[in-house]
There are 2 protein chains.
Amino acid sequence: MRESTALDEMICFQLYAASRAMTALYRPLLDPHGVTYPQYLVLRVLWHDGPTTVRDLGRALRLDSGTLSPLLKRLEAQGLLTRARGADDERTVLVSLTDPGQQLRDAIGDLTPALLCAVDLTVDELTQLQHLLIRANRPGRTA
Amino acid sequence: MRESTALDEMICFQLYAASRAMTALYRPLLDPHGVTYPQYLVLRVLWHDGPTTVRDLGRALRLDSGTLSPLLKRLEAQGLLTRARGADDERTVLVSLTDPGQQLRDAIGDLTPALLCAVDLTVDELTQLQHLLIRANRPGRTA
DNA sequence: CCCAATTAAGTTGTGCACAACCCATTGGTG
DNA sequence: CACCAATGGGTTGTGCACAACTTAATTGGG
């Protein structure tokens, strides 16, 4: 049967499908607040770390400026954050939350319970999955 | 520290990051053949199952016609497949591989080895990950 | 000091993902 | 037969992801 249902292919498809299913779970929870899942991830970094450069946001989320620039522009247009050129280094742009951006943290609240009950996994299995994914995200030999 | 690095959030981000990292691994392998990762998934279904309706492709890949229609149109423009309205049911469209589409299977070959050595996981861990993802893709209580 | 290489953001173009819609065909049911 | 809900596929609009490129600022070496 050749490689029709080979191991790696299955894992890769499951990963791809699970990632899309996960954002689909977040959608109805975030939609009322007017933000998407990637936007929510950016906000989480800002809630946790305070004002952050575009470069550091990119490092944290593994996204480049081609993705972040328009995304941040949309969040800025919503009044959730501001962007300002760095004083010391004019190349950098520092992203800071506005008051509405800060308040959104409490408005959205903790999404954990809603998500946990939507997945058929125990807490142990989730922890296991998390550790495997973290290791999977740390590639071995890129060459 | 509130829910700044909560369990579910970490897993969801790891899933999101791992999925993107995975398609990034496929990109250089598929690029020379002129297909993307989602296009490759469609081809795999066709290689495995033969002519398939758009509806069944959507069920297999968990994608709707809004995603599949333009994707299939691009594969058709490349001469890799053809689309034809069903004879019995005029609503359905049957997707069939052309000869070049069939030959691409051998041209691309088995990508497993290249992918395995790019991930820092043992075969056992990959199997474990696969089973967890399969269960994660089977949601518990949607309501 | 000056210039080349590097870095930080942004822009452009392509393709995926999905919601919201449209339309034609189908398969009942009255 | 007439009607009507359901189904299959397509289109439109928005946003994400990324490659490739551009521009401006910075840094380091001669």
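Computed from heavy atoms alone, side chains included, the values below leave out hydrogens, waters and symmetry copies. Just so it is clear: chains get the letters A, B, ... in the order the sequence lines come, proteins before strands, and each one is counted from 1.
- Counting only heavy atoms from C-beta outward, the side chains of B:T92 and B:V54 never approach each other to under 4.5 Å.
- At least one donor-acceptor pair closer than 3.5 Å links the side chain of A:D64 to the backbone N or O of A:T67.
- Going from atom CG of B:L25 over to atom P of D:dC18 covers 12 Å, rounded to whole Å.
- Residue-level contact check: B:L68 touches neither bases nor backbone, having no heavy atom under 4.0 Å from any strand.
- In terms of position on DNA chain C, the residue among A:P70 and A:Y16 whose nearest nucleotide sits closer to the 5' end is A:P70.
- At whole-Å resolution of the value, CG in B:L63 and P in D:dG10 are 14 Å apart.
- Applying the 4.0 Å criterion to OP1 and OP2 of C:dT11, one finds that A:K73 has a side-chain N or O inside that range.
- Atom C1' of nucleotide C:dG15 and atom OH of B:Y26 are separated by 19 Å, given to the nearest angstrom.
- A:S65 contributes a side-chain N or O that forms a donor-acceptor pair with the base of C:dG10 under 3.5 Å.
- Here C:dT14 presents its C1' atom at 12 Å from CG of B:D31, a figure rounded to the nearest Å.
- For the pair A:R83/A:L94, no side-chain contact is recorded, criterion being any heavy-atom separation below 4.5 Å from C-beta on.
- Side-chain atoms of A:R20 come within 3.5 Å of backbone N or O of B:R62 as a donor-acceptor pair.
- Among residue pairs with one or both ends in residues 87-97 of chain A, those qualifying as salt bridge (charged side-chain N to carboxylate O under 4.0 Å, His left out) are A:D89-A:R91; sequence neighbours excluded.
- Whole-Å rounding puts the A:L72 CG to D:dA17 P distance at 12 Å.
- For A:G66 and A:A24, each mapped to the nucleotide of DNA chain C holding its nearest heavy atom, the one lying further toward the 5' end belongs to A:G66.
- When side chains are defined from C-beta on, A:L133 counts as touching A:L15, because their heavy atoms get closer than 4.5 Å.
- The CD atom of A:Q39 sits 15 Å away from the C1' atom of C:dC18 (whole-angstrom rounding).
- For B:D64 and D:dT11, the CG to C1' distance is 12 Å, given to the nearest whole Å.
- Side-chain contact between A:I108 and A:Y40 is present, with heavy atoms from C-beta onward closer than 4.5 Å.
- Of the residues in residues 49-59 of chain B, not one comes within less than 4.0 Å of DNA chain C through any heavy atom.
- Side-chain contact, B:T112 with B:D110: a donor N or O sits under 3.5 Å from an acceptor N or O.
- Between B:R20 atom CZ and D:dA17 atom P the separation is 6 Å, expressed in whole Å.
- Looking at residues 85-94 of chain B, you'll see B:R85, B:R91, B:T92, B:V93 sit with a heavy atom under 4.0 Å from some atom of DNA chain D.
- For the pair B:V95 and B:T82, the minimum side-chain heavy-atom distance is 4.5 Å or more.
- B:T67 comes within 4.0 angstrom of a nucleotide base, judged by non-hydrogen atoms across all strands.
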